[in-house]
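Below is one structure, written out as structure tokens, with a few remarks after it.
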Amino acid sequence: MEDYRQMWSELGLDLEAHDGLLAVLPGIYEDTILSQEGRPEGMSYFDFVFSEIHGLRIKELYDHRKAGGKVVGTFCTYVPEELIIAAGGIYVGLCAGACVADEEAEKYLPRNLCALIKSSLGFKLARVCPYIESCDLLVGETTCDGKKKYFEILNELQPVHVMELPQRKEDSDRRLWREEVGSFVSRLEELTGNKIIEEAVRGAVRIVNDKRRALLRLAELRKSDPPVISGRDALLINQIAFYDDPERLTGKVNELCDELDERKASGTGIAGAVRPRILLSGCPMAIPNWKVPAIIETSGAVVAMDEMCTGIRYSRHLVEDAGDMDGMLDAIADRYLKIDCAVFTPNQERLEHIKELVNDYNIDAVVHHSLQFCDPYTIEAFRIEKEIDVPFLSIETDYSQEDVGQLSTRIEALIEMISSPDRA
Ligand code: BJ8
């Protein structure tokens, strides 16, 4: 990492604070990810990418910018990454998953705000995230109230383009969203100086669809019983999909899936627990937030699927090839509006999807993960609990380690209950 100090300094990072952050990450990774036994060999690529999280990938962004290219950072799966690629830019997901400079962030934001938003501002204020500092433009969206208001603050520190996301899916909402997609095209053209043409959109759609297809192939393999990959490793791959080069990632995910196919054929499962099978649902988990899956998988269960933006919610819909430029933009707008985030009302699709996943993945229980103070997901949890027919545990947590003991107790009780031979 020594070689990168000049680059970090040029990006404006606080080197001392950044050293502090880099000093703790390997320990967390070792304890949570590397400590698992019997991992597929194909995970070595993802271990490498993580080990270079602030190194090699940042150098790629740096070189791209030196050559005149632009980097665009996003905070949400509603932002069409195809358009960023079609404009010749690089897309990076910026959701932050650790407590950083909370006190500083609380000078601008209330204490009772979700950890993800606070962490994002904390990373910015502490100048320890080389991704956000590499961005020529940030793209926000009007999803939850906290994010909307946060983007106003962030815009004072770095340029933010906000996409207006409707909260319903009626015809008028679709028209509004389609216009927002058009405005985003104009903003990207202005930023990059490149005209976004049909052929480039088609090529970018192919790249992103291929990435999502590879992630869906991985998701399909997680139906295997015994499981061929742990929930933690699958989550890591989905997290890395937000910042790695998309074509390289697609190749590596497919290589891993070839290995998992062989594991499946030979009946080679992961080491440790293979049942009960848990569906983890709710708010996204950004790197290095592995707290809940780690508790589940060290308590005698396996996370068989994630219904989250850092899980199947990101990959389940593809953009259809739809003729000319207008048709392509319509198809992109349609694809993104299919996402069933809890900020929508009504949001029956998410409930139906959870039921489907419970059935398709042979799920024994659902653990619903809400970040504290996230109203949309916390409120939807009540309805989901009423309407699904497997045991359900709703947890509200943040990025601190203070509740690990209490969460472990609740999760162990759930696992004990569903593992009981008396359970009908
Ligand atoms: S599409 S889940 S990435 S908005 S956890 S900031 S909702 S208060 S992250 Fe999300 Fe897009 Fe939806 Fe996915 Fe607000 Fe809740 Fe915080 Fe959240």
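Values below: all heavy atoms of this structure, side chains included; hydrogens, waters and symmetry mates excluded. In each ligand, atom 1 is the first atom listed, and ligand 1 is the first ligand listed.
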Next on the checklist: Under 4.0 Å, heavy-atom basis, I'd like to know which part of Asp375 is in contact with ligand 1: side chain, backbone, both or neither.
Outcome noted: neither
Item to check | For atom 5 (S) of ligand 1, the option (of Cys283, Ser119, Ser120) bearing the nearest heavy atom | outcome: Cys283
Checklist outcome for this item: Atoms of ligand 1 under 4.0 Å from any heavy atom of Ile117, numbered from 1 in the order shown, are 6 (S)
Checklist entry - For ligand 1, is any non-hydrogen atom under 4.0 Å from Met308's backbone (N, CA, C, O), its side chain (CB onward), both, or neither? => result neither
Next on the checklist: Is it true that, when you exclude Glu198 itself, more than 12 heavy atoms of the residues, nucleotides or ligands shown sit nearer than 6.0 Å to its CD?
Outcome noted: yes
Checklist entry - Going by the order shown, which atoms of ligand 1 are within less than 4.0 Å of some heavy atom of Tyr78? => result 1 (S)
Checklist entry - Measuring from the heavy atoms of Pro376, does anything fall under 4.0 Å of ligand 1? => result no
Next on the checklist: Any carboxylate oxygen within less than 4.0 angstrom of a Lys/Arg side-chain nitrogen, looking at Arg213 and Asp210?
Outcome noted: yes
Item to check | Contact check: Cys309 to atom 13 (Fe) of ligand 1, N/O/S below 2.8 Å | outcome: yes
Item to check | Sub-4.0 Å atoms of ligand 1 with respect to non-hydrogen atoms of Cys76 | outcome: 1 (S), 3 (S), 4 (S), 11 (Fe)
Next on the checklist: Under 6.0 Å from the ring centre and within 45 degrees of the ring axis: does the NZ or CZ of Lys169 meet both conditions for the six-membered ring of Phe344?
Outcome noted: yes
Item to check | Arg57 to Tyr243 six-membered ring, cation-pi geometry met (6.0 Å, 45°) | outcome: no
Item to check | Sub-4.0 Å atoms of ligand 1 with respect to non-hydrogen atoms of Cys341 | outcome: 1 (S), 2 (S), 4 (S), 12 (Fe)
